[in-house]
Peer 1: 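Below is one structure. I have some questions about it.
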There are 2 protein chains.
Amino acid sequence: MGVRVSSTNSLTVEDLGSAAQRDRRKRILDATITLASQGGFDAVQMRAVAESADVALGTLYRYFPSKVHLLVSALGREFDRAEKVLRDQPIPGDTPAERVIEVLRVVSRGLQADPQLTEALTRSFMFADASVAQEIHHVGMVMTTLVTRAMHPEDAEVSEDDIAIAKVIGDVWLSALVAWVTGRQTPAETVQHIEVAVKLLLRD
Amino acid sequence: MGVRVSSTNSLTVEDLGSAAQRDRRKRILDATITLASQGGFDAVQMRAVAESADVALGTLYRYFPSKVHLLVSALGREFDRAEKVLRDQPIPGDTPAERVIEVLRVVSRGLQADPQLTEALTRSFMFADASVAQEIHHVGMVMTTLVTRAMHPEDAEVSEDDIAIAKVIGDVWLSALVAWVTGRQTPAETVQHIEVAVKLLLRD
DNA sequence: GGACAAACTGGAACGTGTTCCTATTATGTC
DNA sequence: GACATAATAGGAACACGTTCCAGTTTGTCC
């Protein structure tokens, strides 16, 4: 079967091999998202994922070397989807702060609509070690891009400071998310906390 | 043996019962810190902690209902110690930003001196659910206090904004810590990231 | 089509967090 | 000091992530 060097039209940077392999990978990620939506991090059990995706346990581990890799990859796919949806929509709001808050509100609403999924993905994000750095970095980039685009809709000048601010907002967002999924903070508190941070960072 | 309502001079808010119980608790936390320092999160194995503290496994679970509780409690104790050391020392620096950065630098240096311990404690912090909210909140308060005191050494006016800023700094600090302990960021990058955030938040 | 390699299946097995149970020991009460 | 109760010791047992292996299927090359 062998991993070919490259095919003509791969969807991502990494080539994933044959159609059967892409299909298995998709089935696995679908099963992961389904299980995570239903019961959160704990419900994403490797044996259950394998069975649900109609794949042997060993095969699952062949595609994703750990539960964390699996969940972070699933998170990445969902984030890509969300980013695509938001990409071409104009963001309402007169000031950068308003637009950033709006974007975060939309994203947060999406997450809060599926708390178990969010819990699973956030947990895995937090538990990820260096071996998933690439996947994590990808998610961080998408997040930063979302925020800087909200700051400058005309996609003109994005300064160093802008990026720094976007990263700080990302940090606050992550911390708030952790506090929320671990039940230490209500959704309303989470949203408000982020808004306060954005206003502090974007007061000019 | 029964938990007495209160004794004359308990060290913390919660009364921990007899001297033997306090001693066991101390031995357990000591063993936890020792193991964590040597091998990080993975090395803190409940059976190893129990053996090292000369306590049965069931007893360990009687004192700390989970590994995360155990580690977060250990983190709380270490934080209290650090806070006591810093409490009565004047913080060098002419501006709030300088002083806050200095405080965070001192704390970070302490953490980076024992990476395995930091990794273990940060991981547990990230994995903590609602049942450890109290311990987490305690650590958060200490952190916020440290920062606001650096902002206003005269411990005079601490405004709402000040607290909000301190919380945001705490969020950034936590995110940076996670990135560091998971090997996705170097100590230097971590320190610099935090400095940028502080300067952004405390530019006046 | 045949030979070979890679991938997949099905399942056993191991490590560690967690639970549970019984016998034994410490603690507080009269 | 005798008793009642709570705490502890010691260890078996279970769950789930992870690893490993033997046999089978799938894909590739001639």
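Residue numbering restarts at 1 for every chain, and letters A, B, ... go by the order of the sequence lines. Keep in mind that what you see is a predicted model, and the values were worked out from it rather than measured.
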Peer 1: If you measure from the Lys or Arg side-chain nitrogens to the Asp or Glu carboxylate oxygens, is any gap between A:Lys84 and A:Asp80 under 4.0 Å?
Peer 2: no

Peer 1: Rounded to the nearest angstrom, tell me the gap between atom CD in B:Glu51 and atom C1' in D:dA9.
Peer 2: 13 Å

Peer 1: Salt-bridged, B:Lys26 to B:Asp30, with N to O below 4.0 Å?
Peer 2: yes

Peer 1: Round to the nearest Å and state the distance from B:Ile28 atom CD1 to D:dA7 atom C1'.
Peer 2: 12 Å

Peer 1: Are the side chains of A:Leu86 and A:Val107 in contact, using a 4.5 Å heavy-atom criterion?
Peer 2: yes

Peer 1: Between A:Tyr63 (OH) and C:dA6 (C1'), how many Å, whole number?
Peer 2: 11 Å

Peer 1: Base, sugar-phosphate alone, or nothing: which one does B:Val49 contact when heavy atoms must sit under 4.0 Å apart?
Peer 2: nothing

Peer 1: Would you mind telling me which residue lines up with the more 5' stretch of DNA chain D, A:Gly58 or A:Phe41, judged by nearest nucleotide?
Peer 2: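 Upstream on the strand: A:Phe41.
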
Peer 1: How long is the span from the CG atom in B:Leu117 to the CD1 atom in B:Ile33, to the nearest 0.5 Å?
Peer 2: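 If I round to the nearest 0.5 Å, the distance is 5.0 Å.
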
Peer 1: Inspect the contact between A:Arg87 and A:Glu83 and indicate whether a charged nitrogen and a carboxylate oxygen are less than 4.0 angstrom apart.
Peer 2: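 A:Arg87 and A:Glu83: salt-bridged.
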
Peer 1: When the distance from CZ of B:Arg25 to P of D:dA7 is rounded to whole Å, what number comes out?
Peer 2: 15 Å

Peer 1: A:Ala56 has a side chain; which of C:dG10, C:dG17, D:dT18 sits nearest to it?
Peer 2: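 Looking only at heavy atoms from C-beta outward on A:Ala56, the closest nucleotide is C:dG10.
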
Peer 1: Can you figure out which of D:dA7, C:dA7, D:dT18 approaches the side chain of B:Gln21 most closely?
Peer 2: D:dA7

Peer 1: Roughly how many Å is it from CG in B:Asp42 to C1' in C:dG17, rounded to a whole number?
Peer 2: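 For the pair B:Asp42 CG and C:dG17 C1', the rounded distance is 12 Å.
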
Peer 1: Expressed in angstrom and rounded to an integer, what is the separation of A:Gln45 atom CD from C:dT16 atom P?
Peer 2: 20 Å

Peer 1: Please tell me which of the listed nucleotides, C:dT16, C:dT9, C:dT19, lies nearest to the side chain of B:Arg47?
Peer 2: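 Comparing C:dT16, C:dT9, C:dT19 against the side chain of B:Arg47, the answer is C:dT16.
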
Peer 1: Measure from CG on B:Leu57 to C1' on C:dC20 and round the result to the nearest Å.
Peer 2: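 So the CG-C1' distance, B:Leu57 to C:dC20, works out to 11 Å.
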
Peer 1: When you check the phosphate oxygens OP1 and OP2 of C:dT9, does a side-chain N or O of A:Thr59 lie under 4.0 Å from one of them?
Peer 2: yes

Peer 1: Which of the following nucleotides, C:dT19, D:dG17, C:dA12, is nearest to the side chain of A:Lys67?
Peer 2: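 The answer is D:dG17.
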
Peer 1: State whether the distance check finds a donor on one side and an acceptor on the other, under 3.5 Å, for side chain A:Arg62 versus base C:dT9.
Peer 2: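 No such pair is found, so the answer is no.
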
Peer 1: For A:Leu71 and D:dC16, give me the distance from atom CG to atom C1', rounded to whole Å.
Peer 2: 14 Å

Peer 1: Which is true for A:Val44 with a 4.0 Å heavy-atom rule: it touches a base, it touches only sugar-phosphate, or it touches nothing?
Peer 2: sugar-phosphate

